[in-house]
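In what follows, chains carry the letters A, B, and so on, assigned in the order in which the sequence lines appear, proteins first and then strands, with residues in each chain numbered from 1.
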Amino acid sequence: MSTGNGAARTRLPLRPLPVGDHGLLVELDDATAVEAFHAELLRRAAAGTLPAVREIVPAARTVLLDGLADPGRLAAELPGWDIPPAASDDRPAIDIPVRYDGPDLADVAALWDTTPEDVVRIHSGTEFHVAFCGFAPGFGYLTGLPERHHVPRRATPRTKVPVGSVALAGPYTGVYPRSSPGGWQLIGTSDVELWDPDREPAALFTPGTRVRFVPVTAETSTESPREAR
Amino acid sequence: MTDRAFCVVRAGALTTVQDLGRAGHAHLGVPRAGALDEPAHRLANRLVGNPETAATLETTLTGCAVRVRTATVVAVTGAPCSVTVDGRPAPWGAPVAVPAGAVLDAGPATAGLRSYLAFAGGVAAEPVLGSRAADLLSGLGPAPLSDGGVLPLGDPYGPPARVDAVVRAGLPAAELVLPCVLGPRDDWFTEAGLRTLATGRFRVSSASNRIGLRMEGPPLERAKDGELPSEGMPLGALQVPPNGLPVLFLNDHPTTGGYPVVGVVPERFLAAAAQATPGTPVRIVPRPARSFGQG
């Protein structure tokens, strides 16, 4: 079902690449096009007009379709699809409480050429959305920061990033759903439960979810109070 | 309360609960997991009268031993090994009646790597996202077996198969041959690099696991440096990290990644890869993808 907002449907430039005998990797121009194409795939899957497929995995510039009986046939069809721009997710944004106490907050402030207080203000003032998921169950790659606030990974990855770390790398913000090695810049900590197999859906972040980070101080946090800096 | 359960007497190097996995969740970062030698898992289940979806135990190299609390039927398939019930020899690849309180021992693999133990009724570990498979990348599903641990069994589905023994199909070969379909990122490699893929003498590295089969051998020469923006990774991908040595992605592989995939090994060849011991020579046989798209 179209949302009926009359958005112009367009032919998106897309390049299907072969992935084995039963897969397609569809390359698109940018994250916005990925979102629009992914939304169209889900619409067609819901309407029963997409061929049976096992996995649909959106990522930064691509969407992987795996487990297709005849990928060549779908690849031939794709250039003819009219695809409307992705409508913004109409679910309300999820608020993620964050203590901005990460060990790399000062480094990020230096990279942004500003103060740690400004990093908190800018980061918590940005509306993010989940571009895609991966790395670990519950991990979402969140976009929303403008290019001037993109930061490199740390030169030396940490062997252990604590669970709940709110971190930046490249164009993305992420929250570590469990403790793991990682090279992202840590700016804060959250107690949010990103992955709960007993919840439906298990992942709090799914592609398209809108997210806002809300600064909390150690005093208002429910767990592991820390010294305010 | 049912007493259908077994106690782990000898967990072995790595024994996990596996079934056909949890496909369809890759977009949430959840690997498929499931039995690496899927035909062996399916066969073990059929031998004890289970549907192929029932959970089995997957061992690694050294086998495992369990004491069953109630009489049950067990079958061992996959990597060949000695099978004993309370120390008495029992057949491999056939349904074996195990009395209540007896120890079933699947010994070290005499060839290959992974044996499968099916129990009538299946291993009734708690399912996560519709599967009982242990996923060692993300820690979903039951933890690997440990000595003294107890796992429940389900109620038997029906009578075991009426066979005496099965042919030892798919015994691990002296050489692992991996046909692969080139792409999607074969253009990240030079002509020489692609020649190395086709002619290089690779060996299975001892750093292999359920996430990937790693290889030792000549590095593939890259035509482009750097990393790709993260993209979806299929099962069977031959991903090439900066050291130039391909890694074959198995069932617990990460669902996205930034290193180029030079080719994809069709799923039907992955069972053989799962049984290849470290040091086994690997020959990769690339072929071009069927051309499509762009008219």
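Side-chain atoms of A:E55 come within 3.5 Å of backbone atoms of B:A26 as a donor-acceptor pair (strictly under, hydrogens ignored).
Closest of all the heavy-atom pairs between B:G29 and A:C133 is N-CB, 4.3 Å. The minimum heavy-atom distance linking B:S230 with A:T62 is given by the pair O-OG1, 4.4 Å. Scanning both residues, B:P234 and A:V19, for their nearest heavy atoms gives CG-CG1, 3.4 Å. Taking both residues in full, the closest heavy atoms of A:P58 and B:H27 are given as CD-CB, 4.0 Å, listed atom of the first, atom of the second, then distance.
Within a 6.0 Å sphere centred on CZ of B:R46, heavy atoms belonging to other residues, nucleotides or ligands number more than 12. More than 12 heavy-atom neighbours from other residues, nucleotides or ligands sit within 6.0 angstrom of CG on A:D30. Shown here is B:E191, whose CD atom has no more than 12 heavy atoms of other residues, nucleotides or ligands within 6.0 Å.
With a threshold of 4.5 angstrom between heavy atoms, A:A136 approaches chain B through N, CA, C or O but not through any side-chain atom. Only the backbone of A:F135 has a heavy atom closer than 4.5 Å to any heavy atom of chain B. Contact of A:E200 with chain B is not made at all, since no heavy-atom distance falls under 4.5 Å. Contact annotation for B:L228: neither backbone nor side-chain heavy atoms come within less than 4.5 Å of a heavy atom of chain A. The contact between A:L25 and chain B is made entirely by side chain atoms (from C-beta outward), counting heavy-atom distances below 4.5 Å. Contacts of B:P266 with chain A are made by side-chain atoms alone, with heavy-atom separations under 4.5 Å and no backbone atom involved.
With respect to chain B, the highest number of heavy-atom pairs below 4.5 Å among A:G134, A:P137, A:S180, A:A59 belongs to A:P137. Most heavy-atom pairs under 4.5 Å with chain A: of the set B:A23, B:P31, B:A237, B:P254, this distinction falls to B:A23. Contacts with chain B were tallied for A:P197, A:G20, A:A60; A:G20 has the most, counting heavy-atom pairs under 4.5 Å. Taking B:C180, B:G263, B:P184, B:G258 one by one and counting their heavy-atom pairs under 4.5 Å with chain A, the maximum is reached by B:P184. Put simply, of B:T255, B:V265, B:L140, the one with the most heavy-atom pairs under 4.5 Å next to chain A is B:L140. With chain B as the partner, the residue from A:L65, A:V57, A:L78, A:L74 showing the most heavy-atom pairs under 4.5 Å is A:V57.
In this structure, the side chains of B:T256 and A:F139 stay at 4.5 Å or more apart for every pair of heavy atoms.
Considering CG of A:D66 and CZ of B:R32, their distance stands at 7.5 Å, rounded to 0.5 Å. Note: B:L28 CG to A:L204 CG = 11.5 Å, rounded to the nearest 0.5 Å.
For B:R287 and A:D21, the salt-bridge test passes: some basic side-chain N is under 4.0 Å from an acidic carboxylate O.
Chain A is approached within less than 4.5 Å, heavy atom to heavy atom, by B:V128, B:L129 from residues 127-135 of chain B, ordered by number.
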